[in-house]
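Everything on this sheet refers to the single structure shown next.
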Amino acid sequence: MSACKTLVRSSISFFQFQTRSSYRRSFSFHISSNFFSFRPLPLLSLNPAFRIEPCRDPSRRYGSTQGAISLETSEEMAVPRVAVESPEEKSKDTVEELLYNKDDVSKLMKMERRPDTECLGHQERWFPYFDKVKAGNMYLGSSEILEAVTPYIMDSRKERFRHAVKNRTYSVCLVVEGLSDFGNVSATFRSADALGIQSVHVVACDSSKRYRENRHVSMGAEKWLDIELWDSVHECFKVLKSRGYRIATTHLGMDTVSVYDMDWSCPTAIVVGNELRGISDEALGSSDLHCSIPMKGMVDSFNVSVAAGLLMHHAVCDRTSRLGCHGDLTSEENRILLAEFSLRHNDNAIRIAQEYAERKIAELKSKI
């Protein structure tokens, strides 16, 4: 009896399949006859890869043409995928290596810098660069650097440079003192770059503790910052004060001022200290004021990189509310820093500038 039922079900299924098949064939013939009664479009007829199959059910649905192409390419053509590294990922200079080699740090900065011993004088604020860089046997100005290098930089990259430089300032700088976790140092660099703080100072990092797993926390931010290394707090603070900065150390005490009550339009160096010991006694004694971020919870401190990020962010917000914007470079300083970024963009930029200088020398000689 069960065999008979199975036979009946099979017959019914086969009859339904035949009915659907015959309907599909008639539908296909009807569409095909109607379709080919019209003259095909030239675009379709000239493209051998384009086929119209009205009765073919797609085996896979895609959310986009790009998704369909990528899947088909990977499955049928087996094209190997190549990872493209950004310039920051290619760089062999990690934050840790930079902090132990002053020569490597100085090589990051291309335009000629003012000497550390130069006092501020009658200038309103500090700007570290002269409008010149040595290219071969001659000096080039920022305008010449931009003329030589920018044709080799993508438009999107140039626009990003212009946007970053427009929002940069030297009126606020960050000082990290005695940090032992290079992940924290890298994180402060990344926050400084993101918030437009161009100048960062590192005082005597603790070499007894190294965290090599945090090498890429900075995401290459150190490439776009002006990093200065100091062996002592005394040396660092002396130079910063000669440049017109007031020194604000983060510390909880009787004379501590809330960061919300400070005027950040005044040139200020924010100092954060070691993860465990905090700011050193020497730094506290040499600073102009002590400041803190008001706490609302049960703990009385932030992670040092978080504290640095909050302080810089509040400085940016306060300056924007008081001055209308955070970035305060003059048009000349803007052009110089833009030339600096263009030279840092690629290792070949200096060579391109030198070739430009050689062509200018040749042109001058030909006119004599």
Side-chain angles (χ1 to χ4, degrees), residues 93-102 105 172-195 197 199-219 221-222 225 227-241 245-260 262 268-315:
D93 293 330
T94 64
V95 171
E96 182 176 348
E97 291 166 349
L98 285 173
L99 296 184
Y100 281 101
N101 194 331
K102 288 188 178 182
V105 172
V172 177
C173 68
L174 176 68
V175 181
V176 292
E177 184 210 3
L179 296 189
S180 58
D181 187 335
F182 288 100
N184 284 331
V185 179
S186 299
T188 58
F189 285 0
R190 186 173 176 180
S191 297
D193 173 69
L195 293 168
I197 309 296
S199 180
V200 178
H201 301 259
V202 181
V203 182
C205 274
D206 187 355
S207 61
S208 64
K209 194 174 184 181
R210 302 185 180 186
Y211 292 80
R212 294 186 179 273
E213 65 270 20
N214 291 317
R215 295 166 75 100
H216 302 293
V217 174
S218 69
M219 295 296 289
E222 68 277 2
L225 298 173
I227 302 172
E228 296 182 65
L229 306 183
W230 305 96
D231 294 324
S232 67
V233 169
H234 173 75
E235 181 185 11
C236 177
F237 284 13
K238 180 181 177 181
V239 171
L240 287 176
K241 288 182 179 182
Y245 290 101
R246 64 174 178 178
I247 311 297
T249 52
T250 52
H251 177 68
L252 285 174
M254 297 297 294
D255 57 348
T256 297
V257 178
S258 169
V259 295
Y260 303 132
M262 293 174 58
T268 305
I270 309 169
V271 187
V272 295
N274 182 271
E275 294 88 347
L276 298 176
R277 300 184 298 273
I279 300 288
S280 66
D281 293 336
E282 182 184 6
L284 289 174
S286 303
S287 61
D288 298 310
L289 61 93
H290 304 157
C291 64
S292 67
I293 305 170
M295 301 286 173
K296 306 299 182 183
M298 296 298 294
V299 295
D300 60 357
S301 66
F302 288 104
N303 169 274
V304 64
S305 63
V306 174
L310 290 172
L311 287 164
M312 289 186 288
H313 181 265
H314 177 69

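Because the structure is predicted, anything quoted here is derived from the model rather than measured. Computed over heavy atoms, backbone and side chain alike; hydrogens, waters and symmetry mates excluded.
Side-chain contact check for F302 versus V272: every heavy-atom pair is 4.5 Å or farther apart. V175 places a side-chain heavy atom less than 4.5 Å from the side chain of C236.
Remark: the backbone N or O of V233 is not paired with any side-chain donor or acceptor of E282 at under 3.5 angstrom. Checked by atom type and distance alone, the side chain of T188 pairs as donor or acceptor with a backbone atom of V185 at under 3.5 Å. Listed for the T256 side chain is a donor-acceptor partner under 3.5 Å among the backbone atoms of H251. Looking at E177, its side chain does come within 3.5 Å of a backbone N or O of S280 through a donor-acceptor pair.
Heavy atoms only, all atoms of each residue included: A269 and Y245 are closest at N-CD2, 4.1 Å. The heavy-atom pair separating I279 from A283 by the smallest distance is CG2-CB, 3.5 Å. Minimum heavy-atom separation, M312 to S191: CE-CB, 3.7 Å. Looking at every heavy atom in both residues, L229 comes nearest to I227 through CD2-CG2, 4.0 Å. Shortest non-hydrogen contact noted between G273 and L179 is O-CD2, 2.9 Å. For the pair L240 and C173, the tightest heavy-atom approach, listed with the atom from each and the gap, is CD2-SG, 4.1 Å.
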### Query
Taking it one step at a time, do L284 and H290 satisfy side chain to side chain contact (heavy atoms under 4.5 Å, CB included)?
CA-CA 8 Å; L284 289 174; H290 304 157; 3.9 Å; yes
### Task
List the steps, then state whether side chain to side chain contact (heavy atoms under 4.5 Å, CB included) holds for S287 with V271.
CA-CA 9 Å; S287 61; V271 187; over 6 Å; no
### Full working for side chain to side chain contact (heavy atoms under 4.5 Å, CB included) between V200 and E222
CA-CA 9 Å; V200 178; E222 68 277 2; over 6 Å; no
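Under 3.5 Å, the side chains of H201 and S199 contain a donor-acceptor pair of N or O atoms.
Remark: N303 pairs with S305 by the side chain to side chain donor-acceptor pair (under 3.5 Å) rule, at least two apart or across chains. Every residue two or more places apart in sequence or in another chain was checked for a side chain to side chain donor-acceptor pair (under 3.5 Å) with H314, and none qualifies. Qualifying side chain to side chain contact (heavy atoms under 4.5 Å, CB included) partners for L289, counting only residues two or more places apart in sequence or in other chains: R246, A248, M262, C291.
Within a 6.0 Å sphere centred on CG of D281, other residues, nucleotides and ligands contribute 12 heavy atoms or fewer.
Checked options I197, V202, L174; the residue passing with F189 is V202 (criterion: side-chain contact (heavy atoms from CB on, under 4.5 Å)).
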